[in-house]
Structure formats: structure tokens, C-alpha cells
S.K.: 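My questions will all concern the structure given below.
Sequential numbering from 1 along the given sequence is applied to the chain's residues.
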Amino acid sequence: MKTNGICITLSFLCYYVCESLPQNNIQHLKEDVVCDDLQGSKTLMDRCGVCGGDNSACETITGTFKRSILSVGYHKILEIPKGATKINITEMVKSKNYLALRNHHGEPVINGNWAIDRPGIFTAAGTTVTYRRPNEISTKAGESIIAEGPTNEVLDVYVIYQQPHPSVHYEYILPRDNVFSIQPIPNSDIQPLGEALSSQLGVYTENGQGYILPDVNGENFVNGVHTNQFPPEQAASTTETYELYPLEERRERQTAYNWKHAGMTECSATCGKGSHFLIFICVERITHEQVSENLCDVAMRPTPKEETCNSQPCPAFWDVGEWSECSKTCGPGIQHRQVLCRQAYSNQTTTVHLHRCHHLETPETTSTCQLKICSEWQIHTDWTSCSVPCGVGQRTRDIKCVDNLGDVVDDEECNLNLKPEDSENCDAGPCARSWFLTDWSERCSAKCGNGTQTRGVVCLMNHISSLPLEGCGNEKPMESMPCNLGLCNEKVEWFTGPWDQCSTECGNGTKSRSVVCLKRSNSSLVVVEPSECSRLEKPATENNCYLKKCGAKWFTTEWSACSKPCEGGYRVREVRCLADDMTQSGSCDPFLMPEDREECNFHQCIPEIDENCRDMYFNCNVVVQARLCIYSYYKTACCASCTKAIRRGVSLRR
């Protein structure tokens, strides 16, 4: 029974001893010395870190983060609580996204502030964190963050979103509520020993039940569970106030325990210079059995001394960088990556000569790549007609960039240097030019006396007429001509008459008025010589005028030469509808359109008299009727009759 009481107490101690050791030491205890340090014992540590536990003291938290669309940047996906162990955060599929880790104060641990760290080992929340990112282009494995724990603060996990459909699996272990329930200490003949053990461990015994009291550092436990693992309202209700031992009794109890050297910690590095520390445990001074550290004087605990270990150089390794972008956006291309031979020493990694990695297979530094098949240019339409009826213009055609599926895509998808021409100059031949004229204005600029009439004159390209035109030349047709509607009635002194009507019904024209020198004589006015009014400023007799815009008007060229000199021909001219700015218009009245063709030269042709062309026979009219003029003999013998018949257009063929 005595032995059983000691085992129960030491099982509780083993949990805290193992928790204070590095994880490698815990593994060593599991495999070699077991966890209760009792000879012949087979008690092992469970996954919850409980000596002799049944894995019921903790819970595995697992899940998968999936979100189709996020904004580019950092997105918090998980909060790992304090005390978590066996942490594993892994991308399920390789992507362009990155995992990131921060502590609960927002300080970056891995991949912070838009800076991507190289894979390696980091320290955070009181534990070692391993960051892995496969580099080989052939693998489909994603990134991972792994930590043994336990963590001493909350950690936040982020995904740096750059590619749709991220998928991240997470898993860690947390202690359950009420991790331990202290077994009752039996009322038997070993009761005094039980009370002594209870006092050494800070156990309060009441009604045969053992409860953990506050320890010397003020940390509160309730039934083996630290109160900071409860929700705030539950922690407040479960924490009770107990009185500590008197100070003198506490000192007497602490003199019964000493600190004892119990080995070294695991070396911090397996090679390249690491460090480890001395381990001190609290033991009973007489029996040297390990007890709770709370029973020893913390102030008397020796300071752990750091010592160098595993100073031998680490093996060199190939440090492989990320692949560069493909050299071609389509079709076969090449991508590169940096490959360095590196070696770790004293927590630092440096680049060394390549021969140190000769024992390893050298990774490829270049690789072929093809993002997609290139698109190509296709001609979709033939050339259009020339943009002008004469002279130099342009013509166009439609060129499209088409992908390998036959769909039209943006021009940037094709090689712009190989794009066929989609426009070019075209020559429609020379353009003729002619003077285009309007009719003379119907009004004279003066109601009496001398005035002027005007018309519009402009030189334009001739696109229509097939007859030869003379061209504009240097002699421009008259735009105005004099007119006189008769003598004006004599009026009176420097006298100005009313302005006459404008010389044009629309557009720019001129207007005039009469200005005479009058002399008043009694009740009459007499016109005198202008010289008598020379001391006075003479008013203007003529001024510009503008009534309104003319709008579109018909303009014509001069008539061409007649197609025949006599007996009826025809001549042509070009007619155009022009606006005020002399551009082509369609607003003219079609019923007022001037004729563009007329007949001419109706008079009979006067034959030329040829003294040698005579009829040598009296019956030459019979030769004409018999259509014998086609023969040279009759054409000469009856020259006058045959020539006359030809001019009349009589058919001479038989």
C-alpha cells in the first residue's frame, strides 16, 4: 500500500517533469527510461504528454480551410491557442499562395511584411517552428508549418492569397478540461506518510480527497487543471482561496529538499555548433527522490550554464530557388532557377564552393516550359474599295488574332511584329479640275445708275464627266459684272439716299446708295457740283451686305465642246450641289437642277468643193441605187454622187 501511494503521487509529478524537458528528451524517456523513472516500470507517456495516460486528457483539433475567392493579400485563417502541441499546417495542393505566421501581438514570425522567407527553422511562442516549401517543379506538395509545442502564447496563421481556391489542412492537440482528477488518499495505516506526501506536493486533504493548492509561484490549479484553461466565468467559480503554511513551517520544509544535477538538455543542433544546458531537479535531501520543484528554494537553484556541442560541420546541401517565369508566353520556352551549394554552421547558413556538394546529385538549373499554344493572325476580309474616286486614298481589311481553338482573342496574344498590314495607300488615277459657277444674281446692287451683279465661282475636282475638260487654268471667270437700271432722279446737298437692296439674295454681296451735293435755294433744292461739298466728309456710297446663309446651291461647269461640228451633236457639263463651305451637299432642290447635257450644232454640214470629184456618167444615180460605190471604179467614175450619198449616211453595202 505504501508503494502504491508513492506511485500515484509520482505519476502526477512526471507530467510536469516531462513538460519541462525538450521534446527529444521526452521521446528518450518514452523509449528507454519510461516516464515515471521507476525501475521495471512500463509506464509510458501518451500523446497528451501525460505519464501513464490513456490519451483522454487532450483533444485533436483538425479541419480544412477552403475559400473560392479572396482579395490579394494576407487573410487570417486560424488561431492556435496557447498550450497547443503537435501543430501541423499544410497546403493540400501546391499553389502560388504562401502560408504566414504571426504571434498574437501582430509580430511576424514567417513570411511577414510581404517578404517571403526561405524554408528553415524559426522560434516562436516558446517552441521551434519548421517551415517547408518544396522547390522541385515536379512535385505537387504544398507548403507546411510544423511545431512540436507546447506553445506559450496564441499564434495566428495566415494565407497570402494570390491564386484562387486555396486549401489548407490544420491539426493540433489541446488539453481537455479536467485533465487530472487526483485519486483519494486511503485512510489506512500509512495515513501519516500520505499526509507527509500530500504536504510535500502542496495537496490539501479533506474527507479523504486530495486537492492541489496554489503553488509557491501563485499559479492556481483545480483538480490538476490550470485555471487559465477554463473560460473566465468558470475559472472564477472554480478557484477557491486557501491559506498557505506559516512562513517558519515553510522554511523547515524547504530545508529538506535540494537541487540536484540530472544531466544535460538535448543539443540545439545536430551539427554545425549547437548548445545545451545543465538540468537541475528538486530531490528529497535524504532519499534523493525527485519531487515537485515547488518544494525547493527557487533562489538557490543553480543557473544553467550553456555549453557548446556538436561542433562538427554540417554536410553541404543544394539550396534550390524558385523557377523563373517562362521565357515565352506561348509556345516552347525556357525557365531558370538558382542552385547554390550551402552549409550550415553556428545557426547560420553560408554559400560554399560547389565541390563540397559533389556527393549530391546536382539539381537542374534550366527547364523547358510551354504555357500554351501560340495564337496566329488571320485575314478575315478582302481589301475595301479605295476611299477616294480619284487621286491617292486608302483601303483597309480586317485582321484578327485567333487562338488554337479558333476563337478571336486580343491582339497582344499574337506576335505584333508578324501582323499583316491592315491598311495601305491606293491610287484611283488623276483627278480633273473645272470651274464651277452659279447663275448671276437677279438683282442689281443699285436701283438706279451703275451697280453690280455677282455669282459664285469655285474650282473643284471633276469626278464624273468622261469628256475631256480644260481644267481650271489661270483665268478665273468673272464673279461680278456691271449693271445699270437707268438714271437716278436728281435729289438734294451732301444727301444720302437709302441703301439699295443687296446684290445677292444670300451670302456675301454689296449694296449702294446715292450721295449728292444739294444746294437749297429759297424753297427749292438744287443739285450742285460735288466740289462745293468738298469741305464736308462724303458718306460712303457702297458697303458689304449679308442677308442670310445661302444653303446648298447648284453649281455647274462650262459646257464642253460639241461632240460633232455640224448636223447635230451634244455637249456636257458637270452639275454639283454645294453647301456654303463649298462641300458636297444633298440639300439642293432636284427640280431646279440645271441640265448637264444638251444638243448642239444642228446646222447642215457644208461640203468642201473638190474640183477633181465629178460624175463622168449621166446615170450615176443608178450606181448609187445599185450600191456600187463600194467599188473603186464606180467610186471614181461617179465621185460626186457617191460622196454625196456617204454624207447623207446612205448604206452602200449590198
S.K.: Taking Thr265 for its side chain and Phe277 for its backbone only, find out whether a donor-acceptor pair lies under 3.5 Å.
M.R.: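 Here the side-chain-to-backbone pair exists.
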
S.K.: Flag yes if more than 12 heavy atoms outside Ile146 fall under 6.0 Å of its CD1 atom; otherwise flag no.
M.R.: yes

S.K.: List the steps, then state whether disulfide bond (SG atoms under 2.5 Å apart) holds for Cys414 with Cys401.
M.R.: CA-CA 6 Å; Cys414 290; Cys401 180; 1.9 Å; yes

S.K.: Would you call Lys273 and Asn310 a side-chain contact if the rule is heavy atoms closer than 4.5 Å?
M.R.: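 Contact flag for Lys273/Asn310 side chains = no.
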
S.K.: Can you name the closest pair of heavy atoms from Ser167 and Lys66 and give their distance?
M.R.: OG-CE, 3.5 Å

S.K.: Check the pair Lys86 / Glu171 against salt bridge (charged side-chain N to carboxylate O under 4.0 Å, His left out), numbers first and verdict last.
M.R.: CA-CA 8 Å; Lys86 308 295 183 183; Glu171 180 177 316; over 6 Å; no

S.K.: With side-chain contact (heavy atoms from CB on, under 4.5 Å) as the test, would you mind laying out the steps for Val129 and Leu101 before giving the verdict?
M.R.: CA-CA 10 Å; Val129 181; Leu101 191 66; 4.1 Å; yes

S.K.: Using a 6.0 Å cut-off, check whether atom CD1 of Ile334 has over 12 heavy atoms from anything other than its own residue.
M.R.: no

S.K.: For the CG atom on Asn113, are there more than 12 heavy atoms of other groups (residues, nucleotides or ligands in this structure) within a distance under 6.0 Å?
M.R.: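 No, CG of Asn113 has 12 or fewer neighbouring heavy atoms, counting only those of other groups under 6.0 Å.
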
S.K.: Hey, is the main chain of Ser268 close enough, under 3.5 Å, to the side chain of His276 for a donor-acceptor pair?
M.R.: no

S.K.: Under 3.5 Å, is there a donor on one side chain and an acceptor on the other for Gln163 and Ser95?
M.R.: no

S.K.: How about Phe65 and Val157: do any of their side-chain heavy atoms sit closer than 4.5 Å?
M.R.: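 No - every pair of side-chain heavy atoms lies 4.5 Å or more apart.
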
S.K.: For the atom pair NZ (Lys400) and NZ (Lys419), what is the distance rounded to the nearest 0.5 Å?
M.R.: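 It comes to 8.5 Å.
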
S.K.: Within the distance-only criterion (no hydrogens, no angle test), does the side chain of Gln343 pair as donor or acceptor with the backbone N or O of Cys314 below 3.5 angstrom?
M.R.: yes

S.K.: Strictly by modelled atom types, are Ser367 and Glu364 linked by a side-chain donor-acceptor pair under 3.5 Å?
M.R.: no

S.K.: Under 3.5 Å, is there a donor-acceptor pair between the side chain of Arg118 and the main chain of Gly321?
M.R.: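 No.
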
S.K.: What pair of heavy atoms forms the shortest contact from Val109 to Asn103, and how long is it?
M.R.: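 Of all heavy-atom pairs spanning Val109 and Asn103, the closest is CG2-N, 4.0 Å.
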
S.K.: Of all heavy-atom pairs between Cys296 and Asn258, which one has the smallest distance, and what is that distance?
M.R.: SG-O, 3.5 Å

S.K.: Between Tyr98 and Gln162, do the side chains contain an N or O donor and an N or O acceptor separated by less than 3.5 Å?
M.R.: no

S.K.: How long is the straight-line distance from OG of Ser275 back to CE of Met264, given to the nearest 0.5 Å?
M.R.: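 So the CE of Met264 and the OG of Ser275 are separated by 9.5 Å.
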
S.K.: Glu143 side chain to Leu99 main-chain N or O, any donor-acceptor pair under 3.5 Å?
M.R.: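 Yes; at least one donor-acceptor contact below 3.5 Å.
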
S.K.: Using side-chain contact (heavy atoms from CB on, under 4.5 Å), reason through Val168 and Thr90 one step at a time and then give a plain yes or no.
M.R.: CA-CA 6 Å; Val168 180; Thr90 303; over 6 Å; no

S.K.: Just by modelled atom types, is the Asn111 backbone N or O under 3.5 Å from a matching donor or acceptor in the Asp117 side chain?
M.R.: yes

S.K.: May I ask you to establish whether Arg102 and Tyr74 are in a cation-pi arrangement, using a distance under 6.0 Å from NZ or CZ to the six-membered ring centre and at most 45° from the ring axis?
M.R.: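 Pair Arg102/Tyr74 counts as cation-pi.
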
S.K.: Could you state the interatomic distance from CG (Asn152) to NZ (Lys82), rounded to the nearest 0.5 Å?
M.R.: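 Going from CG on Asn152 over to NZ on Lys82, the span is 7.0 Å.
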
S.K.: Taking C-beta and beyond as the side chain, do Ile145 and Ile87 meet within less than 4.5 Å on heavy atoms?
M.R.: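 No, every pair of side-chain atoms sits at 4.5 Å or beyond.
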
S.K.: Would a distance-only check, ignoring hydrogens and angles, find a side-chain to backbone donor-acceptor pair under 3.5 Å from Thr151 to Pro81?
M.R.: yes

S.K.: Verify, without hydrogens or angle tests, whether His105 (side chain) and Glu107 (backbone) share a donor-acceptor contact under 3.5 angstrom.
M.R.: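 Checked: no pair found.
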
S.K.: Hey, what do you get for OH (Tyr158) to CD1 (Ile77), rounding to the nearest 0.5 Å?
M.R.: 10.5 Å

S.K.: Tell me, with the steps shown, if Phe317 and Thr349 meet side-chain contact (heavy atoms from CB on, under 4.5 Å).
M.R.: CA-CA 10 Å; Phe317 64 95; Thr349 303; 3.8 Å; yes

S.K.: Establish, from distance only, whether the side-chain atoms of Asp297 and Tyr257 form a donor-acceptor pair under 3.5 Å.
M.R.: no

S.K.: Checking the side chain of Ser324 only, and the main-chain atoms of His336 only, is there a donor and an acceptor separated by less than 3.5 Å?
M.R.: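 Confirmed, Ser324 side chain pairs with His336 backbone.
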
S.K.: How many angstroms lie between CD1 in Ile80 and OH in Tyr172, if you round to the nearest 0.5 Å?
M.R.: 7.0 Å

S.K.: Have a look at Ser375 and tell me which of Asp410, Val409, Val408 forms a side-chain contact (heavy atoms from CB on, under 4.5 Å) with it.
M.R.: Val409

S.K.: Minimum heavy-atom separation for Gln370 and Cys326, please, with both atom names.
M.R.: N-SG, 4.3 Å

S.K.: Check whether any side-chain heavy atom of Thr362 sits under 4.5 Å from a side-chain heavy atom of Trp318, and report yes or no.
M.R.: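 A side-chain contact exists here, since the closest heavy-atom pair is under 4.5 Å.
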
S.K.: Do Leu278 and Thr303 have side chains that approach each other closer than 4.5 Å (heavy atoms only, starting at C-beta)?
M.R.: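 Leu278 does not reach Thr303 side chain to side chain.
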
S.K.: Which heavy atom in Cys357 sits nearest to a heavy atom in Ala316, and how many Å separate them?
M.R.: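 That would be SG-CB, 3.7 Å.
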
S.K.: Would you call the rings of His261 and Phe280 parallel, tilted or perpendicular, taking 30° and 60° as the class edges?
M.R.: tilted

S.K.: In sequence, state the C-alpha distance, the side-chain angles, and the governing distance for Leu416 and Asp411, and then conclude on side-chain contact (heavy atoms from CB on, under 4.5 Å).
M.R.: CA-CA 7 Å; Leu416 295 176; Asp411 286 358; 4.2 Å; yes

S.K.: Do the side chain of Trp377 and the main chain of Val402 share a donor and acceptor less than 3.5 angstrom apart?
M.R.: no

S.K.: Locate the shortest heavy-atom distance separating His104 from Asp156; write the atom from each residue and the value.
M.R.: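 The answer is ND1-OD2, 3.5 Å.
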
S.K.: Flag yes if more than 12 heavy atoms outside Arg132 fall under 6.0 Å of its CZ atom; otherwise flag no.
M.R.: no

S.K.: Just so I know, are the side chains of Trp259 and Cys282 near enough to count as touching, which here means a heavy-atom distance under 4.5 Å?
M.R.: yes

S.K.: Considering only NZ, NE, NH1 and NH2 on the basic side and carboxylate oxygens on the acidic side, decide whether Glu91 and Lys94 come within less than 4.0 Å.
M.R.: no

S.K.: Could you tell me the separation between the CZ atom of Arg356 and the CG atom of Leu354, rounded to the nearest 0.5 Å?
M.R.: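 Going from CZ on Arg356 over to CG on Leu354, the span is 11.0 Å.
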
S.K.: Taking atom types as modelled, is there a side-chain donor on Thr351 or Arg342 under 3.5 Å from an acceptor on the other?
M.R.: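 Their side chains do contain a donor-acceptor pair, which is all the 3.5 Å distance test asks for.
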
